[in-house]
Amino acid sequence: MKRTVFAFCAALTCAGTSLVAHEFTSGTLTIDHPMAFETARTAMSAGGYMTITNSGTEADQLVGVEADFPKVMLHTTEEKDGIARMMHVHTIEIPAGETVALEPGGLHVMFMGLNGDPFEVGEEIPATLMFERAGPVEVVFKVEARGADGAGDIDHSNHGVGQSDPAATN
Ligand SMILES: [Cu+2]
């Protein structure tokens with residue numbers, strides 16, 4: 001009985017730790033909660049989100065992301081005439097003393113070429129963030145459930161199809 005209780009507590013602690021401490025640091029950079037939303041079976045791409053805090057005194061730049069997909073890009077989202085469009089960006093500036101959020105409807109990582117292998121809840125996506133100053137930082141994107149209404153990731157509903165995304169053609 002005692003043993004059962006102990007095991008239960010240990011499992012709780014473990015779960016709590018993995019949620020709270022899902023962050024990665026390198027020098028003065030802290031990457032918090034890299035995540036992606038689960039995707040539909042037919043999805044060709046998925047967004048990756050996180051916050052990056054630079055506690056140093058000099059700016060850094062996220063210049064790329066490497067992961068096991070045909071293509072991984074940095075995107076920003078611009079809304080024009082009520083239509084959200086993905087735009088490829090080459091770098092994401094992380095100013096000194098600031099936190100930059102990569103989030104739905106804004107800057108994000110785009111994992112492209114899923115090819116019938118959708119992101120599933122609980123899946124972990126290893127990736128390497130490439131920073132100009134800090135160099136490579138290994139992180140793990142955790143795949144989380146999408147809201148019942150699809151909230152949180154609306155800008156990717158038609159993404160990867162190509163009609164409205166100039167970045168998808170290059
Ligand atoms: Cu995108």
Side-chain angles (χ1 to χ4, degrees), residues 18-40 43-56 58-80 83-114 118-147 149-160 164-168 170:
S18 69
L19 282 175
V20 173
H22 181 212
E23 67 175 39
F24 304 83
T25 59
S26 175
T28 59
L29 294 181
T30 300
I31 293 94
D32 191 37
H33 198 153
M35 62 81 62
F37 286 105
E38 62 183 321
T39 65
M44 290 299 290
S45 61
Y49 311 106
M50 65 192 136
T51 60
I52 304 171
T53 299
N54 182 357
S55 60
E58 301 199 55
D60 206 337
Q61 311 248 359
L62 178 61
V63 295
V65 178
E66 294 180 356
D68 192 17
F69 298 95
K71 197 174 214 177
V72 185
M73 298 178 88
L74 299 175
H75 277 182
T76 189
T77 310
E78 285 182 6
E79 193 172 319
K80 195 176 177 186
I83 299 168
R85 290 161 54 101
M86 309 278 164
M87 307 293 285
H88 176 211
V89 292
H90 291 279
T91 64
I92 295 175
E93 168 105 1
I94 318 294
E98 292 191 23
T99 295
V100 174
L102 279 66
E103 57 194 0
L107 293 163
H108 56 277
V109 176
M110 196 92 253
F111 300 105
M112 306 177 86
L114 304 192
F119 284 12
E120 292 168 32
V121 174
E123 197 176 341
E124 300 193 337
I125 313 292
T128 304
L129 309 182
M130 308 298 292
F131 289 97
E132 189 173 74
R133 293 178 57 85
V137 180
E138 312 238 327
V139 302
V140 175
F141 287 82
K142 292 194 173 177
V143 179
E144 300 181 5
R146 191 183 293 268
D149 57 355
D153 209 17
I154 45 173
D155 60 324
H156 287 96
S157 56
N158 68 349
H159 194 44
S164 62
D165 183 4
N170 60 27

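We count residues from 1, following the sequence as given.
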Run the side-chain donor-acceptor check on residues 58-65: report pairs under 3.5 Å with partners two or more places apart or on a different chain.
unit_1, atom_1, unit_2, atom_2, d
Glu58, OE2, Arg133, NH2, 3.4
Asp60, OD1, Glu132, N, 3.3
Asp60, OD1, Arg133, N, 2.8
Asp60, OD2, Ala134, N, 2.9
Gln61, OE1, Thr91, OG1, 3.1
Gln61, NE2, Glu93, OE1, 2.9

Can you name the nearest heavy-atom pair linking Ala46 to Leu114, along with the distance?
CB-CD1, 4.1 Å

Which residues share a side-chain hydrogen bond (donor to acceptor under 3.5 Å, both in side chains) with Thr28, sequence neighbours left out:
Asn54

Would a 4.5 Å heavy-atom cut-off, applied to side chains only, mark Thr77 and Pro104 as touching?
no

Distance-minimising heavy-atom pair for Leu107 and Ala101
CB-O, 4.3 Å

Please name the pair of heavy atoms, one in Ala96 and one in Gly56, separated by the smallest distance, quoted to 0.1 Å.
CB-O, 3.5 Å

Would you compute the distance between atom CD1 of Ile83 and atom CZ of Arg85 and round it to the nearest 0.5 angstrom?
8.5 Å

Got Phe141 and Phe111 here, is their nearest side-chain heavy-atom distance under 4.5 Å?
yes

What distance separates His75 NE2 from Met86 CE, expressed to the nearest 0.5 Å?
7.5 Å

Looking at CD1 of Ile94 and CZ of Phe131, how far apart are the two atoms once the value is rounded to the nearest 0.5 Å?
5.5 Å

Mind checking what makes side chain to side chain contact (heavy atoms under 4.5 Å, CB included) contact with Thr30, not counting sequence neighbours?
Glu23, Thr25, Thr53

With rounding to the nearest 0.5 Å, note down the distance linking CD in Glu103 to CE in Met35.
11.5 Å

In terms of heavy-atom contacts, Thr39 and Ser45 come closest through CG2-O, 4.2 Å

Check: His22 side chain, Val140 main-chain N or O, donor-acceptor pair, under 3.5 Å
yes

Quick check for you: to the nearest 0.5 Å, what is the distance between Met110 atom CE and Leu102 atom CG?
11.5 Å

Quick one: sort the His108 and Tyr49 rings into parallel, tilted or perpendicular, breaks at 30° and 60°.
tilted

May I have the step-by-step check of side-chain contact (heavy atoms from CB on, under 4.5 Å) for Leu129 and Phe24, ending in yes or no?
CA-CA 11 Å; Leu129 309 182; Phe24 304 83; over 6 Å; no

Do the non-hydrogen side-chain atoms of Phe69 and Ile125 ever get within less than 4.5 Å of each other?
yes

Give the minimum heavy-atom separation between Pro70 and Met112, together with the two atoms involved.
CD-O, 3.2 Å

Please check: side-chain N/O of Glu38 versus main-chain N/O of Val121, any donor-acceptor pairing under 3.5 Å?
no

Which heavy-atom pair separates Ala67 from Pro126 by the least distance, and what is that distance?
CB-O, 3.7 Å

So, do Thr128 and Glu138 sit near enough that their side-chain heavy atoms are less than 4.5 Å apart?
yes

